[in-house]
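Residue numbers count from 1 along this sequence. This is a predicted model, so every value here is computed, not measured. Counting starts at 1 for both ligands and their atoms, in listed order.
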Amino acid sequence: MAAALTQALRLHNGVEMPVFGLGTWQIPDGAPVIQACRDALEAGYRHIDTAAGYNNEKGVGQAVRESGLAREDIFVTTKLGNPEHRNGYDACLKAFDDSFAKLHIGPVDLYLIHWPCPGKYHDAWRALENIYASGRARAIGVSNFLPHHLTDLLTTAEVVPMVDQVEFHPRLMQKDLMTFLRRQKIVQESWSPLMQGKVLAIPELQEIAKKHHKTVAQVVIRWNIQHDVVVIPKSTHRERIVSNAQVFDFELSADDMKQIDALDQDKRVGPHPDHFNF
Ligand code: NDP
């Protein structure tokens, strides 16, 4: 099981990103996030997603340092907060310094612009390119960027983003975005893959789960992986952390995949990137 949890996608700069990891949004800093990360790493997870805005980078860093694992065996993502993003290039560099110091694990594996702040993300991206060139982030990318944001960003970018982390689950597939990212060789990563828990109530998924003797969460996580989408479900319950990772011992059929794709209703659980209140 642990070996499968290191299954990775290769970013366009050659960095290997594990397809499965732990989300940490809304897990408080200190003991709660340290415990969740510890449980995940013990269960074989090798990838943790945090952000400046989650206010738990310190705890994530501590759990990574205390894990007993080699630093290079754990993939850690963090993200640029919106207030610093809004404040321009120098504020973005400083924001990274803060995250770097809080995590205290050496270079981060992936640094993302958290949201596309209109009129500001070109400068923010320049800052990320600088950070990438300095070697303090092994890869850089964006989050919540739609095709129109990326098309615009690519008019000035020197480095093509390696990843776009976006809302993605059976009720929100955004197929045009998926096609766009594939064409640009940008790896797609999903947030709120379990619709913050709501996915569990979808009857069609319960049927597919029953057929495979799996949970709905496992089916949806597996569906992400079979779509080559990096998936980072969040949990603070050890038994869920363990079971969410048990997705490398079964396969969804082409028909299962089609049935799950058909559940798309263009329905979000989070904000639309074009209507986000910066
Ligand atoms: P998820 O879709 O991962 O759902 C998490 C919720 O589902 C929690 O309430 C959790 O409860 C519950 N849950 C997890 N596993 C199970 C299970 N097996 N059975 C039943 N319930 C379960 O939501 P998130 O919004 O947290 O998204 C995942 C991650 O994506 C975030 O943590 C964050 O890292 C990232 N993210 C990024 C965003 C961005 O803008 N870039 C925006 C939102 C999220 P419990 O903890 O009690 O187990």
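Residue contact check: Y54 has heavy atoms under 4.0 Å from atoms 33 (C), 34 (O), 35 (C), 36 (N), 37 (C), 38 (C) of ligand 1. Atoms of ligand 1 lying under 4.0 Å from any heavy atom of A217, numbered from 1 in the order shown and given with element: 18 (N).
Note on ring orientation: taking the six-membered ring where Trp is involved, the planes of H275 and H272 are tilted (angle from 30° to 60°). Between F96 and Y111, the ring planes lie perpendicular to each other; the angle is over 60°, past the 30° to 60° tilted range.
At distances below 3.5 Å, at least one donor-acceptor pair connects side-chain atoms of R171 with backbone N or O atoms of L263. Under the 3.5 Å distance criterion, the side-chain polar atoms of H149 are matched with a main-chain donor or acceptor of L146.
A donor-acceptor pair shorter than 3.5 Å cannot be found between the side chains of Q7 and R46. A donor-acceptor contact closer than 3.5 angstrom links the side chains of N144 and W191.
When non-hydrogen atoms are compared, ligand 1 lies under 4.0 Å from the backbone of S192 as well as from its side chain. By the criterion of a heavy-atom distance under 4.0 Å, neither the backbone nor the side chain of Q26 is placed next to ligand 1. At a heavy-atom distance under 4.0 Å, no atom of T215 approaches ligand 1. Of the heavy atoms in T50, none comes closer than 4.0 Å to ligand 1.
Among residues two or more places apart in sequence or in another chain, the ring-ring contact (aromatic ring centres under 6.0 Å, His included) test is passed with W125 by none.
Looking at H237, R240, K234, it is K234 that brings a heavy atom closest to atom 8 (C) of ligand 1.
Some N or O of Q165 is nearer than 3.5 Å to an N or O of ligand 1, by distance alone. Any N or O atom pair closer than 3.5 Å counts here, and N144 shares at least one such pair with ligand 1.
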